[in-house]
Amino acid sequence: KQEVTQIPAALSVPEGENLVLNCSFTDSAIYNLQWFRQDPGKGLTSLLLIQSSQREQTSGRLNASLDKSSGRSTLYIAASQPGDSATYLCAVQAGTALIFGKGTTLSVSS
Amino acid sequence: DGGITQSPKYLFRKEGQNVTLSCEQNLNHDAMYWYRQDPGQGLRLIYYSQIVNDFQKGDIAEGYSVSREKKESFPLTVTSAQKNPTAFYLCASTGVTAKNIQYFGAGTRLSVL
């Protein structure tokens with residue numbers, strides 16, 4: 001059964017730092033991997049989707065990489081800002097639905 | 001504006017009562033999903049539907065029921081058989097035009113009185 005793990009569970013950084021969030025999954029047979037952002041008490045917003053044939057995707061200050069063979073993905077956030085404070089969720093799609101990790105809660109202080 | 005609308009935002013259930021959570025989308029997506037989120041946990045799949053009049057159980061379907069009579073609507077009923085219904089419920093949809101990206105509603109927070 002596919003399991004998704006995110007490390008660390010929480011992270012606090014000062015504004016301006018570059019940071020990396022980690023996601024690992026147990027079964028490499030996936031269609032794609034997605035990173036989402038969730039603000040407290042809100043729904044999820046899609047940040048990046050990486051197809052299984054791709055190695056990375058970039059959007060603004062965000063860069064997500066995928067190493068399917070090792071079952072790992074990273075989300076790199078450059079020059080962090082207080083507005084980046086949120087929970088970041090990683091999810092893999094192996095069938096019809098997504099399987100989620102528990103998330104990394106990021107706090108960026110000014 | 002295109003999007004997914006969940007209502008109500010907050011819902012309270014009395015013991016033994018069935019309650020229904022609404023999810024409507026105007027994105028013309030074929031597939032719709034219901035997830036449950038507990039504090040400090042990832043999302044877990046309750047039910048999903050890929051086409052009208054068809055739906056499948058997810059990992060935690062016991063105590064829940066759904067219908068898909070219209071493409072735009074996918075209501076979730078939390079029945080009295082669900083003994084621990086307190087959670088944040090999220091609805092999502094996707095389709096060919098979305099390129100497999102799931103779009104989420106703002107969620108419904110269900111509590112037990």
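A note on names: the letters A, B, ... follow the listed sequences, proteins ahead of strands, and every chain is numbered from 1.
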Of the non-hydrogen atoms in [X] and [Y], which two are nearest, and what is the gap between them?
X      : Y     : value
B:Q102 : A:S46 : O-CB, 4.4 Å
B:F88  : A:Q38 : CE2-NE2, 3.8 Å
B:Y35  : A:A97 : OH-CB, 4.2 Å
B:F104 : A:L44 : CB-O, 3.5 Å

For the [atom1] atom of [X] and the [atom2] atom of [Y], what is their distance to the nearest 0.5 Å?
X     : Y      : atom1 : atom2 : value
B:R44 : A:L98  : CZ    : CG    : 16.0 Å
A:L48 : B:I101 : CG    : CD1   : 9.0 Å
A:Q34 : B:T94  : CD    : OG1   : 7.5 Å

Near [X] [atom1], under 6.0 Å, is it more than 12 heavy atoms from other residues, nucleotides or ligands?
X     : atom1 : answer
B:Q56 : CD    : yes
A:R72 : CZ    : no
A:R61 : CZ    : yes
B:Q17 : CD    : yes
B:K71 : NZ    : yes

Is there a path of hydrophobic side-chain contacts, each under 4.5 Å between heavy atoms of I/L/V/M/F/W/Y residues, joining [Y] to [X]?
X     : Y     : value
A:L66 : A:I99 : yes
B:F74 : B:V52 : no
A:Y76 : A:V13 : no
B:L43 : B:V66 : no

Taking side chain as everything from C-beta outward and backbone as N, CA, C, O, which of these in [X] sits under 4.5 Å from a heavy atom of chain A? Side chain, backbone, both or neither.
X      : value
B:Q6   : neither
B:Y103 : neither
B:L45  : side chain
B:L90  : side chain

I need the residue from A:G41, A:A91, A:C90 with the largest number of non-hydrogen atom pairs under 4.5 Å to chain B.
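Top option by heavy-atom pairs under 4.5 Å: A:G41.
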At a heavy-atom separation under 4.5 Å, does A:Y31 approach chain B through its side chain, its backbone, both, or neither?
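Contact with chain B is absent: no heavy atom of A:Y31 under 4.5 Å.
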